[in-house]
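Data first, discussion second: the structure below is written as structure tokens.
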Amino acid sequence: MIHLSFIRSFVTVAQIGSFKATADKLFITQPAVSQHIQALEKNVGAKLFERQGKKVFLTDSGKIFLSYAENILNQYQEAKIQAKEAINQFNGTIRIATTYSIGLYKLQPIVRKFLKKYPQMDIHLEYHPNSLIYEMVLNHSVDFGLVAYPQKRKDIRAEIFAREDMALIQSSQRPIIKESPIPLSSLNQTKFITLNSNTPTQEAIDHFLKLNEVTIQIVHAYDNIETLKSAVLLGMGCAIVPKNTVTRELKEGALECVQVDQLKSFKRDLGIISPTRKIFTKATKMFYKTITESQSSLPSDTADIY
């Protein structure tokens, strides 16, 4: 008979690459770990690990078995949650990874709305770069990821839940552009503050400008919207940003929008991503619904999680 503890030992060895470290992590003896792996290999009928010095590595059979083993452990954890929900339907933690701009300016009111309706729930929120969020979703480190321009990938479901207006902003005290409205073409060689070029939002902005044959002069590039806004406030350059990220500064008069007709058609897609194999609890389903209920008119390239 194969016990769940055998599967857990196998997955941990695969992740750590050491029988001894696995024993320490699981608070069992090293011989016990070896026995678990031997029992699995006998039951599966294939060698799962090979040794190279003090390290162990997955065989081809082990690599195939690993994805199923991880799924077994994940399903067991989800089953425990579902069983507990039969008593209390909305209790537990929803884990979310998001970029700063989405987390600070789009997610907060959604979280408040959800917690007002389900006060027993806890939201664990982490801020990370876009690329790391996909890894965390794949590794089941989080339940959901919130990213700009979501990409459907292998083992990841993605759905757009909002499209944000973009705005050309500058310092109201130290303006770079003296007129408004202006044609997009007049931005050629204008001083700009941008996000780093490897962020999906900046990639979309660069693509938009290139399509319209506009070449800007990049003064500085930053990895987050807050630092970018600070540079714009100092008059170092103008910037194209999601309009909702500068609502407060526009209201206070610290920043101003420059009207550009062509910019009205440019939107930023926001999406929610999650593992395709994940078994959703009632609470996570309701959170997903809270996020996506306002996007019924948008196209979806994924199956419903329900």
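All residue numbers refer to positions in the sequence shown, counting from 1.
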Flag side-chain contact, heavy atom, 4.5 Å: [X] against [Y]:
X      : Y      : value
Phe57  : Gln52  : yes
Thr276 : Lys152 : no
Thr199 : Asn130 : no
Val246 : Tyr105 : no
Ile96  : Val142 : no
Ile205 : Met166 : yes
Ser186 : Pro183 : yes
Thr190 : Val214 : no

Under 3.5 Å: donor-acceptor pair, side chain of [X], backbone of [Y]:
X      : Y      : answer
Ser230 : Glu226 : yes
Gln30  : Ala23  : no
Thr93  : Ile123 : no
Ser171 : Leu233 : yes
Asn71  : Ser67  : no
Ser61  : Leu48  : no

* Please collect all ring pair (Phe, Tyr, Trp, His ring centres under 6.0 Å) contacts where either partner lies in residues 199-219, sequence neighbours excluded, each pair once. => Phe208-Phe266

Please report the closest heavy-atom contact between [X] and [Y], naming both atoms and the distance.
X      : Y      : value
Leu132 : His128 : CD2-ND1, 3.4 Å
Ser197 : Gln202 : CA-CG, 4.0 Å
Ile156 : Gln151 : CG2-O, 4.3 Å
Pro242 : Ile225 : CD-CD1, 4.5 Å
Leu195 : Leu228 : N-CD1, 3.7 Å
Thr201 : Ala148 : OG1-CB, 3.6 Å

[atom1] ([X]) with more than 12 external heavy atoms under 6.0 Å:
X      : atom1 : answer
Lys20  : NZ    : no
Lys106 : NZ    : no
Gln189 : CD    : yes

* Asked: What about Tyr118 and Phe114, are their ring centers closer than 6.0 Å?
  -> yes

To the nearest 0.5 Å, what is the distance between [atom1] on [X] and [atom2] on [Y]?
X      : Y      : atom1 : atom2 : answer
Ser9   : Leu40  : OG    : CG    : 8.0 Å
Leu187 : Ile177 : CG    : CD1   : 5.0 Å
Leu104 : Thr245 : CG    : OG1   : 10.0 Å
Lys267 : Asp269 : NZ    : CG    : 10.5 Å
Thr284 : Asp143 : OG1   : CG    : 6.0 Å
Leu184 : Asn212 : CG    : CG    : 5.0 Å

Under 4.5 Å between side-chain heavy atoms, counting indirect links through other Ile/Leu/Val/Met/Phe/Trp/Tyr residues: same cluster for [X] and [Y] or not?
X      : Y      : answer
Ile176 : Leu255 : no
Ile218 : Ile169 : no
Ile72  : Leu58  : yes
Tyr222 : Ile240 : no
Leu107 : Met121 : yes

* Take Gln38 and His36 through the side chain to side chain donor-acceptor pair (under 3.5 Å) test and state the conclusion after the steps. => CA-CA 6 Å; Gln38 290 170 6; His36 292 174; over 6 Å; no

* What do the steps show when you test Val137 against Asn139 for side chain to side chain contact (heavy atoms under 4.5 Å, CB included), and what is the final call? -> CA-CA 5 Å; Val137 168; Asn139 295 334; over 6 Å; no

* side chain to side chain donor-acceptor pair (under 3.5 Å) between Ser274 and Arg157, worked out -> CA-CA 5 Å; Ser274 55; Arg157 101 175 21 91; 3.2 Å; yes

* Go through the steps for Val232 and Cys238 under the test side chain to side chain contact (heavy atoms under 4.5 Å, CB included), then give the verdict. => CA-CA 6 Å; Val232 174; Cys238 56; 5.7 Å; no

Whether [Y] and [X] form a salt bridge (side-chain N of Lys/Arg under 4.0 Å from carboxylate O of Asp/Glu) is what I want to check.
X      : Y      : value
Glu164 : Lys243 : no
Arg8   : Glu70  : no
Lys210 : Asp206 : no

* Test side chain to side chain donor-acceptor pair (under 3.5 Å) applied to Glu159 and Tyr288, step by step -> CA-CA 10 Å; Glu159 184 170 354; Tyr288 187 93; 2.5 Å; yes

* Going through the checks in order, is the side chain to side chain contact (heavy atoms under 4.5 Å, CB included) test met by Thr215 and Leu209? -> CA-CA 7 Å; Thr215 302; Leu209 294 174; over 6 Å; no

* So is Arg95 actually on top of Phe144's ring, under 6.0 Å and inside 45° of the axis? -> no

* To do: Could you tell me whether Arg51 sits above the aromatic face of Phe19, with NZ or CZ closer than 6.0 angstrom to the six-membered ring centre and within 45 degrees of the axis?
  => yes

* Decide side chain to side chain contact (heavy atoms under 4.5 Å, CB included) for Val147 and Ile273; before the verdict, give the C-alpha distance in whole Å, the side-chain angles of both, and the deciding distance to 0.1 Å. => CA-CA 8 Å; Val147 296; Ile273 61 175; 4.2 Å; yes

* Using ring-ring contact (aromatic ring centres under 6.0 Å, His included) as the criterion, list what pairs up with Tyr127, not counting sequence neighbours. => Tyr100

* **Sequence-distant partners of Asn224, side chain to side chain donor-acceptor pair (under 3.5 Å), two or more places apart** => Thr227

